[in-house]
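First the proteins, then the strands, lettered A, B, ... as listed; each starts at 1.
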Number of protein chains: 2
Amino acid sequence: MILEELRRVDSHPSADELYLMVRRRLPRISLGTIYRNLDILTEAGEIRRIDSGSTLKRFDGTTAPHHHIRCVRCDRIADAHIEVKIDIDERIQRLTGFRILGHHVEFLGLCPRCHTQPAAQPSLAPEIPTAPVTRT
Amino acid sequence: MILEELRRVDSHPSADELYLMVRRRLPRISLGTIYRNLDILTEAGEIRRIDSGSTLKRFDGTTAPHHHIRCVRCDRIADAHIEVKIDIDERIQRLTGFRILGHHVEFLGLCPRCHTQPAAQPSLAPEIPTAPVTRT
DNA sequence: TTGAATGCAAAGTATTTGCAGTTTG
DNA sequence: CAAACTGCAAATACTTTGCATTCAA
């Protein structure tokens, strides 16, 4: 049922948000169970855990390869369904000695809501956009 | 002095590791001060905060544009000094409604150490980052 | 009936914050 | 001296875990 709820939305809820969602259908469920099943589902490859932004982790019901865009102000995450060509994995492998398993592009920006409201929020994202904007 | 220590290494220490490093020179410094200054330095654009992997955040003394590669097993981070061409910011902007500020590519893989040791470790010692994992 | 899954609460990890004392210009 | 900074400890935010209980095959 956790999986169902996660697949039902196209947002990227945190464990806590999912807890609230699932609890509407399963009022006695506990947060611990949410976390435990989120782990299981992640390891089973049914969902994706998104580690970025704040310490809080978000989850993605879609495992199909796609990238994300994160609002540097409110931490909201949206999907960036766009194809990015990166075929330099082998080179990185040589340069770093790592065995590369994959890669993920994260775009940073301001979501429509934060973009419109110029007023400062409780905590302005202290983050400076990390990305080099390389042009072709 | 925090900045000095961070710039001295080419690893990506956590606040706690930095605390241990700095404390060798400033024995009375507190963790709170480390965090506070790390925030200031990040907002000033002197360093970069890396949000990925575990809940723990790591810091990068280099602000020059580059990407990272993270070991999915031990969470170690190395630099991927390689140019990635991405020329689709405007398209993402249209598709998502976000105002794009930048992007960052994260490669995932196994670091040389974890790659060699197939056995799973309970919790890899969070060694003080003096030894660089890789150099470029 | 037995192993797996759960609720609950306590513990754990990483980070932030209040405050009084200290330093700096 | 005022403003900024610090140590310390308490507080916070999120996640994990132990254990007794419940569930399902």
Minimum-distance nucleotide to B/Leu31 side chain [options: D/dC14, D/dC8, C/dT15]: C/dT15
Phosphate-side-chain proximity, B/Thr55 and C/dA14, N/O vs OP1/OP2 below 4.0 Å: no
Atom-pair distance (CG on A/Asp39; C1' on C/dA5), nearest Å: 14 Å
Reported CG-to-CG distance for the pair A/Asp51 and B/Asp51, which is rounded to 0.5 angstrom: 10.0 Å
Length of the CZ-C1' vector between B/Arg23 and D/dT6, whole Å: 16 Å
Spacing of B/Ile34 atom CD1 relative to C/dT17 atom P, expressed in whole Å: 17 Å
Whole-Å distance separating the CZ atom of A/Phe59 from the C1' atom of D/dT15: 10 Å
For atom CZ of A/Arg36 and atom P of C/dA4, their distance in whole Å: 14 Å
Distance test, side-chain N/O of A/Thr33 to OP1/OP2 of C/dT6, below 4.0 Å: no
Nearest-angstrom distance from the residue atom CG of A/Leu26 to P of C/dG7: 7 Å
Side-chain touch B/Thr63/B/Glu46, heavy atoms, less than 4.5 angstrom: no
A/Tyr35 side-chain proximity, nearest of D/dT15, D/dG7, C/dG7: D/dT15
Rounded interatomic separation in angstrom, taking CG from B/Asn37 and P from D/dT6: 5 Å
Selection residues 52-83 of chain A - residue pairs positive for ring pair (Phe, Tyr, Trp, His ring centres under 6.0 Å), sequence neighbours left out: A/His12-A/His68, A/His66-A/His68, A/His66-A/His81, A/His67-A/His104, A/His68-A/His104
Stepwise salt bridge (charged side-chain N to carboxylate O under 4.0 Å, His left out) check, B/Arg8 with B/Glu5: CA-CA 5 Å; B/Arg8 223 166 47 69; B/Glu5 286 296 315; 3.0 Å; yes
Distance in angstrom units between B/Arg28 CZ and D/dC8 C1', rounded: 10 Å
